[in-house]
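We name chains A, B, ... by the order of the sequence lines, and we start the count at 1 in each one.
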Amino acid sequence: MTYSLTTPLYYVNAKPHLGSTYTTIACDALARFQRLEGQQVLFVTGVDEHGQKIQRTAEARKISPQAHCDEISREYMDLWSEWEISNDRFVRTTSERHLPLVQEFFHRCEAAGHIRTGHQEGWYCVECEEFKDDPANAKSPSCPTHQKPLEWRDEENLFFCLSKFQKPIESLIAEPGFIAPASRRKEVENFVAGGLRDFSISRVNVSHGLPVPGHAGHTFYVWFDALLGYLTALLDDGGSVDLDRLSSAGWPVSVHVIGKDILRFHAVYWPAMLMSAGLPLPKSVFGHGFLTREGQKMGKSLGNVLDPELLLERCGTDAVRWYLLRDIQFGDDGDFQQQRFVDLVNNDLANTIGNLLNRTSSMSRKWFGNGLPAVAETVRDDHVLRGKAELTIQQVRTSIPELNFQKAAEAVLQLAIDTNGFLNEQAPWSQMKQPGQEVQVGEDLYAVLECSRIVGILLQPIVPDLSQRILAQLGLSPISGSWTDHLKWGSLVPGSPLPKPEPVMQRLELESPL
RNA sequence: GUCAGAGUAGCUCAGCUGGUUAGAGCACAGGAUUCAUAACCCUGAGGUCGAGAGUUCAAGUCUCUCCUCUGACACCA
């Protein structure tokens with residue numbers, strides 16, 4: 001059973017921003033977690049490259065649409081590689097394999113009687129790629145979101161008969177867990193309850209798109225072909241482009257992770273399209289929140305956008321991943337605050353987790369021959385810290401599948417806090433001054449190092465690099481494959497050597513604003 | 001405008017089916033300690049729980065009204 005998950009296919013109209021990075025990081029954490037749990041994982045991301053908006057952007061830049069797409073897509077691929085995103089696929093909707101798939105899908109819908117021609121006229125916003133509800137006799141209406149004049153369009157389009165799916169869509173979205181988080185379900189329900197209308201799936205006069213077979217002059221509307229990119233990605237396994245192969249290629253996905261703005265497309269339009277084509281439906285759709293910065297919307301006009309590349313360069317992947325996943329409830333909107341970012345990274349990662357490891361390793365080396373104390377197995381198994389560590393493991397294992405990264409991160413952090421507290425209570429540095437306490441100190445230090453090891457392992461999906469550094473400080477190599485065996489209490493080998501301690505996490509010191 | 005959600009310490013948020021002196025983290029102040037990355041540990045200060053009314057022995061938690069913010073309201077990647 002494959003666990004497949006997708007990010008949105010990002011629109012290549014402009015260079016990647018922090019929002020897409022956020023989504024991708026979250027998916028990466030989930031994908032890494034599932035691999036550690038022993039699942040066969042297919043992590044899909046990619047880009048959406050069609051539509052009139054891109055065509056016009058390219059024209060404005062005086063380059064071909066394809067050249068423009070190549071350039072921006074390259075930026076995405078490079079960025080994900082810099083962030084060490086572990087995606088298995090990267091799909092482009094201008095790739096050769098995509099066209100035959102879209103056409104095959106379309107034929108299925110057509111054969112099922114769900115495609116009709118229709119007439120569509122009205123005021124159109126190219127930026128939005130949509131018809132607006134402004135009255136036909138309006139003089140020179142402009143788009144409320146883009147502040148640009150609307151264009152009058154009067155064209156023949158192909159329509160997808162969404163109206164025929166009212167009932168099945170209603171029961172689909174009523175299924176618990178299909179739309180996540182549950183708080184977002186209501187708005188989709190309201191939308192559906194208003195009655196589903198057919199939507200257009202083709203455009204005329206847009207050359208930068210995929211041709212609709214049998215309808216000369218029509219290209220597919222960007223949404224129609226973009227969603228199908230998920231299928232193309234899954235079939236890109238060296239085999240043929242054939243919808244019948246999907247079930248053995250990772251379809252249906254376990255979860256589509258998307259921004260809340262496009263929830264409706266994924267929870268309503270997309271399932272209907274799949275029903276029409278006779279394909280199984282995704283198991284869930286998770287709409288996460290948006291990021292603001294210091295309480296304000298990030299945008300070009302305000303000049304306050306956070307460039308992911310710059311962020312990575314100045315702060316590193318661990319700091320950013322930790323902050324985004326640990327401080328923001330995935331699903332809710334979040335605010336990026338520089339002071340808080342620095343505070344949390346320094347407190348949680350450097351002070352609490354990093355220093356725990358550092359101080360313990362240092363003590364152990366000092367008193368136990370540059371290595372771990374040699375303690376008997378029976379004593380180790382009974383240590384008071386064991387229960388706490390095992391509880392933490394449980395918490396992480398139940399939280400991450402629910403995409404509750406915050407809860408998982410907090411649980412791991414809490415283990416480190418409790419372990420630090422334990423050390424202060426026991427005060428091994430005082431005990432060592434008393435005669436005959438060495439055995440007790442050895443047992444405690446062993447248990448504390450064992451907790452540090454478990455912290456390091458549990459951190460792997462969230463902050464993979466830091467996780468490795470922690471394990472390296474314990475003289476361990478990175479784990480590959482399933483982590484189940486590694487999560488067993490008492491895996492550290494008593495008496496084995498410990499490397500010279502070095503801070504695993506440097507403090508962030510940002511003199512200037514990001 | 002209609003619908004949905006939210007307004008709790010300086011900041012980010014927990015508070016389940018109403019029940020002892022309203023919690024956590026960060027920031028702030030004090031203390032303790034020296035194993036450690038000026039770190040860790042403890043203590044403290046700080047809130048009329050958006051406003052008003054009501055139900056109840058008892059309301060942050062239920063009802064009503066009002067104020068503020070956010071989101072959705074058809075094809076906004």
Can you tell me, in whole Å, how much space there is between the [atom1] of [N] and that of [M]?
N	M	atom1	answer
U43(B)	C62(B)	P	33 Å
G44(B)	A22(B)	P	14 Å
A72(B)	A51(B)	C1'	27 Å
A53(B)	A14(B)	C1'	28 Å
C76(B)	C69(B)	C1'	22 Å
U70(B)	U55(B)	C1'	31 Å
A9(B)	G47(B)	C1'	5 Å
G25(B)	U8(B)	C1'	15 Å

Under 4.0 Å, heavy atoms only, any strand: does [X] hit a base, just the sugar-phosphate, or nothing?
X	result
Met505(A)	base
Asn355(A)	base
Tyr269(A)	base
Pro503(A)	base
Leu196(A)	base
Phe191(A)	base
Val47(A)	nothing
Asn190(A)	sugar-phosphate

(message) Using a distance-only criterion (donor-acceptor N/O pair, under 3.5 Å, no hydrogens), is the base of A36(B) paired with the side chain of Asn358(A)?
(response) no
Residue [X], side-chain heavy atoms: nucleotide from [options] that is nearest:
X	options	value
Leu344(A)	C26(B), G71(B), C41(B)	C26(B)
Trp367(A)	G71(B), C76(B), C35(B)	C35(B)
Lys433(A)	U34(B), G71(B), C11(B)	U34(B)

I need the [atom1]-[atom2] distance between [X] and [N], as an integer number of Å.
X	N	atom1	atom2	answer
Lys186(A)	A72(B)	NZ	P	17 Å
Met363(A)	C40(B)	CE	P	14 Å
Arg326(A)	A14(B)	CZ	C1'	13 Å
Phe422(A)	C42(B)	CZ	P	14 Å
Lys500(A)	U37(B)	NZ	P	10 Å
Gln414(A)	A14(B)	CD	P	18 Å
Phe368(A)	C35(B)	CZ	C1'	12 Å
Arg264(A)	A72(B)	CZ	C1'	8 Å

(message) Test of understanding: with side chain to side chain contact (heavy atoms under 4.5 Å, CB included), list the residues that count as partners of Arg264(A), not counting sequence neighbours.
(response) Phe191(A), Val268(A), Tyr269(A)
(message) Using the side chain to side chain contact (heavy atoms under 4.5 Å, CB included) criterion, which residues pair with Pro499(A)? Sequence neighbours excluded.
(response) none
(request) Could you check Arg453(A) against Glu450(A) for salt bridge (Lys or Arg N to Asp or Glu O under 4.0 Å), going step by step and ending with a plain yes or no? (result) CA-CA 5 Å; Arg453(A) 186 184 69 84; Glu450(A) 186 60 1; 2.7 Å; yes
(request) By nearest nucleotide on RNA chain B, pick out whichever of Phe199(A) and Arg507(A) is the more 5' one. (result) Arg507(A)
(message) Using heavy-atom distances to pick each residue's nearest nucleotide on RNA chain B, tell me which of Gln337(A) and Ile353(A) is more 5'.
(response) Gln337(A)
Verify the ring-centre separation between [Y] and [X]: is it less than 6.0 angstrom?
X	Y	answer
Tyr76(A)	Phe90(A)	no
Phe106(A)	Phe160(A)	no
His50(A)	Phe220(A)	no

(request) Name all stems that contain residues of RNA chain B, defined as runs of 3 or more consecutive Watson-Crick or G-U wobble pairs, both distances under 3.5 Å. (result) B:1-7 with B:67-73, B:10-13 with B:23-26, B:28-31 with B:41-44, B:50-54 with B:62-66
(request) Using only side-chain N and O atoms of Asn351(A), determine if any of them is under 4.0 Å from OP1 or OP2 of C40(B). (result) yes
(request) Please collect all ring pair (Phe, Tyr, Trp, His ring centres under 6.0 Å) contacts where either partner lies in residues 412-434 of chain A, sequence neighbours excluded, each pair once. (result) His383(A)-Phe422(A)
(request) For nucleotides 27-33 of chain B, just jot down a letter per nucleotide in 5' to 3' order: B, S or -, based on protein non-hydrogen atoms under 4.0 Å. (result) S-----S
(request) Sort and list the pairs that fulfil salt bridge (Lys or Arg N to Asp or Glu O under 4.0 Å) and have at least one residue in residues 415-438 of chain A, not counting sequence neighbours. (result) Lys388(A)-Asp418(A)
(request) For the residue pair Phe330(A) and Tyr22(A), categorise the inter-ring angle as parallel (less than 30°), tilted (30 to 60°) or perpendicular (more than 60°). (result) perpendicular
(message) Exactly one of Phe199(A), Phe105(A), Phe165(A) should register a ring-ring contact (aromatic ring centres under 6.0 Å, His included) with His114(A). Which one does?
(response) Phe165(A)
(message) Testing Asp318(A), Asp343(A), Asp348(A) one by one against Arg326(A) for a salt bridge (Lys or Arg N to Asp or Glu O under 4.0 Å), which residue passes?
(response) Asp348(A)
(message) What verdict does the salt bridge (Lys or Arg N to Asp or Glu O under 4.0 Å) test give for Asp28(A) and Arg321(A), after you've listed the backbone C-alpha separation in whole Å, the side-chain angles of each residue and the deciding distance to 0.1 Å?
(response) CA-CA 10 Å; Asp28(A) 184 60; Arg321(A) 285 175 73 114; 2.8 Å; yes
